[in-house]
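All remarks here apply to the structure that follows.
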Amino acid sequence: MAKAAEERPSAVDRMAIAARLKAAYPSFVAGIDGNDVVFTDGTRLPFDDGKDKTFEEWQREPDIEDMFRLSYPRGAPAAPPERDFDPGRARNADFFKKIYGDCRKPGFMKSLTTIAWLPGKTTQKLEVTTINGVADRLKAVSAELDALPSRFDAFLVPSAGAFICRRIAGTDQRSAHGYGIAVDLALKRSHYWRWDNGGGSENAPSYRNDTPPEVVDIFEKHGFIWGGRWFHYDTMHFEYRPEFLEPTK
Ligand SMILES: [Zn+2]
């Protein structure tokens, strides 16, 4: 099997993961104590459920430890990823709900704000969360993308959307878009494994990408991972996952 079958982290890795979580979610994560992730409000979530998971289980029901199984190859040239190499695609729902809230619950919408998307190129507005500094990070991304020459425009505008309370196609899992942490670029120049395989073979998507590296670099610099680095690729998709990327201050 590919990287998804690697062993679970040792105690040393656990400390490294605690440091990454604290740096990525500074107002929320206090640390790891025993087998619990401890939050600044004193609540806890289990870190490791102790299960050895297949790729499908890893993707469907990751614990917090599982989210770190694969490291994210920041800055690498776009290339067909190894089998089941989907770094960041596993999201522990309890963790993300704890940080960003549950979009099905009353009151969730007050965590969202509207930002102008590339105001030099379009009048489009996007809805994203203000929690954990996400809206400010996306504004910084937008300002840098806005400064790119017009040959990039077809990739960037119109955006295919940001916040939407939905599940991932073909699954029961909440999409990153449901937490208000994700943005999709222009549909026209994008490739998604489910479309490119006529409804999708999980096992043999044939990698395609047109998204320019300049665009990917700007997002990664601000803490957003790119779905174009996944075996199950989604080249228009970016989501704020600073536990994989230390954002530039
Ligand atoms: Zn997306």
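In listed order, ligands and their atoms are each counted from 1.
- For a distance bound of 2.8 Å, the N, O or S atoms of Glu239 include none lying that close to the Zn ion (ligand 1).
- Residue-level check: among N/O/S atoms of Asp184, OD1 sits closest to the Zn ion (ligand 1).
- In this structure, the side chain to side chain contact (heavy atoms under 4.5 Å, CB included) partners of Thr114, at least two apart in sequence or on a different chain, are Lys125, Glu127.
- Centred on the Zn ion (ligand 1), the ND1 atom of His237 and the NE2 atom of His177 lie at an angle of 100°, reported to 10°.
- Both the sub-6.0 Å distance and the 45° axial angle are not jointly satisfied by Lys97 relative to the ring of Tyr179.
- With hydrogens and angles disregarded, no donor-acceptor distance shorter than 3.5 Å links the side chain of Asp66 to the backbone of Trp58.
- With hydrogens and angles left out, the side-chain atoms of Glu220 and Tyr72 include a donor and acceptor closer than 3.5 Å.
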